[in-house]
Chemist: 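Can you read through this structure? Questions will come right after.
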Amino acid sequence: MTVRTRIAPSPTGAPHIGTAYIALFNRAFAKHHGGQFILRIEDTDQVRSTRESETAIFEALRWLGLDWDEGPDVGGDYGPYRQSERTDIYREHAAKLVASGHAYPCFCTSERLAAVRREQEASQQRIGYDGHCAALDPDEAARRVAGGEEHVIRLRTPHEGICKISDQFRGEIEIGWETVDDQILIKGDGFPTYHLANVVDDHLMEITHVIRGEEWISSAPKHLLLYEVFGWDAPVLAHLPLLRNPDKSKLSKRKNPTGILYYRQAGFLPKAIINYLGLMAYRPEGDLEIFDFETMVSTFDLGRVSLGGPIFDVQKLRALNGHYIRALTDTELLESLKSWLLHEDALLDVVRMAQPRLEQLADFMPMTAYLFADQVPLDPADIDQAGKESGRAAEWIQFVQWEFERLVCWQPDGIRGCFQSVAEREGVKFKQLLGVFFRVFSGRAVALPLFETLVWMGRDMALRRMQYAQDSLREAGIGLSGKALKRLEKSYQERYLEEGGKDG
RNA sequence: GCCGCGUUCGUCUAGGGGUCCAGGACGCCGCCCUUUCACGGCGGUAGCACGGGUUCGAAUCCCGUACGCGGUACCA
């Protein structure tokens, strides 16, 4: 049997460093056994998935050298590798389960579901679907479905007994069936949920080992049940510990840079990142810390994975990166710098932005230096005053952060739209608002055109600089407290999100 | 709340009953090298969450407690 593993990211937002971490272990394991590593795009969430994000995932994983043997862009014998192109398959499989009685149509409205949950919360009961439609007569249910009534398909789960999950790292995990909900398999829009799509695809794509994040342990019973009712063998399950923020919470962009493309823009070398990610929860042997992917492949052993949630420490990554930079020859370093940002394509854009402002060629480097930096020097008091409304800069930066995260197409017009939308809603002059941001992104009051430079540096780096600014404001005592942030988030949702999404 | 997973220096980890008064790396501190800084070298700082067992012997096995994290969606 050939070992086949996969990474199955959801194309929503910026490619996440956690995806690379899981991908690394899957790829290393597959390659160790001479097997295949597959990339599958889980775009079953029609609302949040975008093609831009998918493309960025390809780009980010390739940059790290985490190539795949089969995937949407390279093909393979088990395609299509995009779940949105496999909906018929899921519907057929769901229909089989309905026919065999293992699943049933559910006609409950979201209002009723919400009411049920409120009641369960109030009476401190276990939260979950109450099985309202499970008892429906199958023939009648079939008639209602045929009549075009809106419905979802739910999995019929047992309500007693114990589900034993064999986890490659943890041994046997026992979860009582009474804690498992009648999971929705097919949503109202006809798309499958992760649970169904994932099981069907892993089986059809002949995935032998599912190495995924620990957040999936509690839904493993549903997956195992699906394998069982389909009459399939389940793959080996192995749940990796989640990467954490310094405060131990699950790695999040608010507290840590999580965008892979940020690390590229900031000048980290792929092999340093791979090495560092490999160090999270793993050590090839004894005290060995410096190793490349090939070493990881040749020595890979699932038994050496440690289970405590590792904190992603950028400082140590930086030290490791420095080690790799020093190991380069001078010409190799030069090549690295070139392929980083000192290549013609990138420089030509910078030259175009700088030209109207240049009086001497010697002005070029100082004028553009901030583009090639990670962090720029920030003066919190100056940032705050730039908006001419003391104390509001932190809020504006936060609103723009949220607008940036939501922006589909990272181009000048869309970026301008984000600023405009914040200027309008916050009642601040566009020019004043931008004054704040020139300082945030360049560390100066005067710089190259803002929207173009943002496109040039990329969304992840833009977000990172805003985070640096927030940190600096907070340190100066004019930033957002946790409480203020919560309030702001609510305000954002009410005033920005109600009027429909934005795109560029 | 309920369910599950986890717990060795500040951080990443080695360790899988005696060789551990716990080893390495990052960080931090000191010294050396050095026109500065960095690199490099040397030294130091700091940890087995707690309480019970099992055992001649426990960081290592078992139980409980505490704490952390995850899940509890028509998100993945």
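Computed from heavy atoms alone, side chains included, the values below leave out hydrogens, waters and symmetry copies. Chain A is the first sequence line, chain B the second, and so forth, proteins listed ahead of strands; every chain is numbered from 1.
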Chemist: Considering only heavy atoms, which members of residues 300-310 of chain A lie under 4.0 Å from some atom of RNA chain B?
Modeler: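 The answer is A:R304, A:S306, A:L307, A:G308, A:G309, A:P310.
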Chemist: Check nucleotides 25-28 of chain B against the protein and report each pair of N or O atoms closer than 3.5 Å, with its distance, or say if there are none.
Modeler:
from, atom 1, to, atom 2, distance (Å)
B:rA25, O4', A:E289, OE1, 3.4
B:rA25, O2', A:E289, OE1, 2.8
B:rA25, N3, A:K316, NZ, 2.9

Chemist: With sequence neighbours left out, what residues match A:Q375 under side chain to side chain contact (heavy atoms under 4.5 Å, CB included)?
Modeler: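 A:Q375: side chain to side chain contact (heavy atoms under 4.5 Å, CB included) contacts with A:Y468.
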Chemist: Considering just the side-chain nitrogens and oxygens of A:R117, establish if one lies under 4.0 Å of OP1 or OP2 belonging to B:rU72.
Modeler: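 Answer no for this pair, as no side-chain N or O of A:R117 is under 4.0 Å from OP1 or OP2.
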Chemist: Could you give all pairs that pass the salt bridge (Lys or Arg N to Asp or Glu O under 4.0 Å) test and reach residues 298-311 of chain A, with sequence neighbours left out?
Modeler: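 Those involving residues 298-311 of chain A do not exist here.
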Chemist: How would you list, by chain and number, every residue that makes a salt bridge (Lys or Arg N to Asp or Glu O under 4.0 Å) with A:E289, sequence neighbours excluded?
Modeler: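 A:R283, A:K316.
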Chemist: For a quick test of your reading: what N or O donor-acceptor pairs under 3.5 Å do the side chains of residues 220-228 of chain A make, sequence neighbours left out?
Modeler:
from, atom 1, to, atom 2, distance (Å)
A:K222, NZ, A:Q183, OE1, 2.7
A:H223, ND1, A:R212, NH2, 2.9
A:H223, NE2, A:H195, ND1, 2.8

Chemist: Does a side-chain N or O of A:K187 approach OP1 or OP2 of B:rA73 to a distance below 4.0 Å, or not?
Modeler: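 A:K187 to B:rA73 OP1/OP2: no side-chain N or O under 4.0 Å.
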Chemist: Within a radius of less than 6.0 Å around CG of A:D247, do more than 12 heavy atoms belonging to other residues, nucleotides or ligands occur?
Modeler: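 Result for CG/A:D247: enclosed.
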Chemist: Please list, one pair per line, the donor and acceptor atoms closer than 3.5 Å that link side chains of residues 99-108 of chain A to other protein atoms, with sequence neighbours excluded.
Modeler:
from, atom 1, to, atom 2, distance (Å)
A:S100, OG, A:K96, O, 3.2
A:S100, OG, A:L97, O, 3.1
A:Y104, OH, A:D182, OD2, 2.6

Chemist: Under 4.0 Å between any heavy atoms, over every strand shown, what does A:T44 touch: base, sugar-phosphate, or nothing? Just pick one.
Modeler: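 Sugar-phosphate, no base atom in range.
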Chemist: Does a sphere of radius 6.0 Å around CD in A:E172 hold more than 12 heavy atoms from other residues, nucleotides or ligands, not counting ones at 6.0 Å or beyond?
Modeler: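 Yes, enclosed.
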Chemist: Report, one pair per line, the protein and nucleotides 64-70 of chain B atoms (nitrogen or oxygen only) whose separation is under 3.5 Å.
Modeler:
from, atom 1, to, atom 2, distance (Å)
B:rG70, OP1, A:K250, N, 3.2

Chemist: Run the side chain to side chain contact (heavy atoms under 4.5 Å, CB included) test against A:R244 and tell me which residues pass, sequence neighbours left out.
Modeler: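 Only A:K248, A:I311 meet the side chain to side chain contact (heavy atoms under 4.5 Å, CB included) criterion with A:R244.
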Chemist: Holding to ring pair (Phe, Tyr, Trp, His ring centres under 6.0 Å), I want the full list of residues that pass it with A:F29, two or more places apart in sequence or in another chain.
Modeler: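 For A:F29 the ring pair (Phe, Tyr, Trp, His ring centres under 6.0 Å) partners, ignoring immediate neighbours, are A:H33, A:H209.
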Chemist: Which residues, if any, of residues 128-165 of chain A bring a heavy atom under 4.0 Å of RNA chain B?
Modeler: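 Within this stretch, A:V152 sit under 4.0 Å of the strand.
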Chemist: For A:Y90 and A:D201, does a side-chain donor sit closer than 3.5 Å to a side-chain acceptor?
Modeler: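 Yes, side-chain donor-acceptor contact under 3.5 Å.
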Chemist: List, with names and distances, any nitrogen or oxygen atoms from the protein found under 3.5 Å away from nitrogen or oxygen atoms belonging to nucleotides 45-50 of chain B.
Modeler:
none

